[in-house]
Number of protein chains: 2
Amino acid sequence: MNDRKNNTTGLPVPTIRRLPLYLSFLKSNKNKKRAFISAPEIARELHIDSTQITKDFSFINVSGKTKVGYKTSDIIKIIEKFLGYHEPKKAFLVGLGNLGMALIKYNAFSKEGLKITIAFDIDTEKAGIEINNIKVFNINEFEENFSKAPVEIGIITVPSDHAQKVADLMIKCGIKAIWNFSATPISVPDNIIVENTSIDSGLAMITWKLNKNKPLIYKNRIL
Amino acid sequence: MNDRKNNTTGLPVPTIRRLPLYLSFLKSNKNKKRAFISAPEIARELHIDSTQITKDFSFINVSGKTKVGYKTSDIIKIIEKFLGYHEPKKAFLVGLGNLGMALIKYNAFSKEGLKITIAFDIDTEKAGIEINNIKVFNINEFEENFSKAPVEIGIITVPSDHAQKVADLMIKCGIKAIWNFSATPISVPDNIIVENTSIDSGLAMITWKLNKNKPLIYKNRIL
DNA sequence: TAGATTGTTAATCGATTAACAATC
DNA sequence: TAGATTGTTAATCGATTAACAATC
């Protein structure tokens, strides 16, 4: 939410968020075997303005050939480099509920430069098991494990009411970035990076769009 | 991505995305038992500008008392009404991988007005099972099930390469809105609502923020 | 060449933030 | 009252889109 003021580089936040989109499209079957692709072609598929694509590419120094387009492998290589796919970052995940489980089983992360090394849960029953080569410990062993093998990123997939507590623990240990999947935003010092990924905002948008055409009456006034 | 041009009502898209945030905070333990809360107080917790909060509230006709703040129960009631929490919308989910499983087990949806009625998978082994009271069918039984008990929303949690095919099927059957969790954006006719929720954009932001301070050199130029 | 596309600069648009009057 | 807060209007800021020159 607070992205704007942290952006000292002049690279627009929405551009960064679009990069994985381009990457995924260029690597998908929809595009396989195309050596070159033009911005208008991508625009047609992704429903993004073609000058915006050109602009995004120029931000990250992808350059193309007039009349021909961009070399697909170039775009892929540069975006992957930009997103650090080849420099694995380690993470601890806390909260082995449904979402936490899904994330530690999500193999795509390894290709995307994210390596979840250990998972934690408050449930002592879960301690000791191993999923997808990721060992599970009780949350009270967090600090000990962190000092043995520190990580940069902490992933929070606990229920909202416990998210802040977990964040505090992570920060105390020295984690640099927190990826918070709980519905409640967490408070952190200025030097800590936070990214909130809550699916609720997606649901809110869908509901909103669905209702847009059947106007909502509220307090005798059309909203 | 294309939200802007679809927004005919003058209510900013970021406002809609913030509503679940406010709701979650106001219902969380951080705030329990407070009858009134002021915008500056919420601002401090959520790290959002307080005038933005005031503005968001005025958009959805939440009004407060000078010097006192807003009545917590009012905000909650109005946001819930706005987000349609009390008008359940039905959905089919396609793709019972890790994420799909997590979503059908995610009980919070029922409180948020989303009811996944049936799930589908391409794997015939999964057909017949029942998870969280949601019956699982093979994907080739989609059409039949839809005509028996139609739904407004289709949720796609299949791998990227199959997302478009599933979307086409949903649209053919008459689904109005598609919530696409795959990494590749899908193409749909103008009258169909799409919301893309890809966790990759969150990861991209984290990577970006982590690397911002150690400047990336690319092509002899600082990016 | 004619036409398509890149890539940059300028204009527009929308969201956030600042300023401030009204109010309790 | 003095001070805090709402709520609106204006200014700013950033992102998108339009325009167009350059190029192949």
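Keep in mind it's a predicted model, so treat the numbers as computed, not measured. First the proteins, then the strands, lettered A, B, ... as listed; each starts at 1.
Regarding A:I16, its CD1 atom lies at a distance of 11 Å from the P atom of D:dT16, rounded to whole Å. Taking atom CD1 of B:I48 as the reference point, atom P of C:dT16 lies 9 Å away to the nearest angstrom. Atom CZ of B:F59 is separated from atom P of C:dG14 by 12 Å (rounded to the nearest Å). Atom P of nucleotide C:dT6 and atom CZ of A:F57 are separated by 9 Å, given to the nearest angstrom. When rounded to the nearest whole Å, the span between CD of A:Q52 and C1' of C:dA11 equals 16 Å. The interatomic distance linking A:N61 (CG) with C:dT6 (P) rounds to 16 Å, in whole Å. Taking atom CD1 of residue A:I60 and atom C1' of nucleotide C:dG7, one finds them 15 Å apart after rounding to whole Å. In this structure, A:I75 places its CD1 atom 12 Å from C1' of C:dT6, rounding to the nearest Å.
Side chain of B:N196 to main chain of B:P185: no donor-acceptor pair is present (N/O by atom type, distance under 3.5 Å, no hydrogens or angles). The main-chain N or O of B:S38 is found under 3.5 Å from a side-chain atom of B:E41 such that the two form a donor-acceptor pair. For A:Q164 (side chain) and A:S187 (main-chain N/O), a donor-acceptor pair under 3.5 Å exists by modelled atom type.
Here A:Y70 lies in heavy-atom contact (under 4.0 Å) with sugar-phosphate atoms only. Here B:S38 lies in heavy-atom contact (under 4.0 Å) with sugar-phosphate atoms only. Using a 4.0 Å heavy-atom criterion, one finds that A:K55 contacts the bases of the nucleic acid, with or without backbone contacts as well.
Residues A:I37 and B:T66 each lie close to DNA chain C; by heavy-atom proximity, the contact nearer the 5' end of the strand is made by A:I37. Residues A:D56 and A:K65 each lie close to DNA chain D; by heavy-atom proximity, the contact nearer the 5' end of the strand is made by A:D56. Across the interface with DNA chain C, nearest-nucleotide mapping of A:K67 and A:T51 shows A:K67 to be the residue nearer the 5′ end.
When the options B:F36, B:F57, B:Y22 are evaluated for a ring-ring contact (aromatic ring centres under 6.0 Å, His included) with B:Y70, the one that passes is B:F57.
Residues B:N180 and B:S182 bring a donor and an acceptor atom of their side chains to less than 3.5 Å of each other.
Here A:R18 does not reach the OP1 or OP2 of D:dA15: none of its side-chain N or O atoms lies under 4.0 Å away.
Nucleotide C:dT23 has D:dA4 as its partner under the Watson-Crick or G-U criteria, with both atom distances under 3.5 Å. Searching all strands for a Watson-Crick or G-U wobble partner of D:dT9 with both distances below 3.5 Å returns C:dA18.
With C:dG7, D:dT6, D:dA18 as the candidates, the nucleotide lying closest to the side chain of A:D49 is D:dA18. Among the nucleotides C:dT6, D:dA15, C:dT17, the one closest to any side-chain atom of A:P14 is D:dA15. When distances are taken from the side chain of B:P40 to each of C:dA15, D:dT6, D:dA18, the shortest belongs to D:dT6. Distances from the side chain of B:P12 to the nucleotides D:dA15, C:dA15, D:dT8 place C:dA15 closest.
For A:F92 and A:F142, the ring centers sit closer than 6.0 Å to each other.
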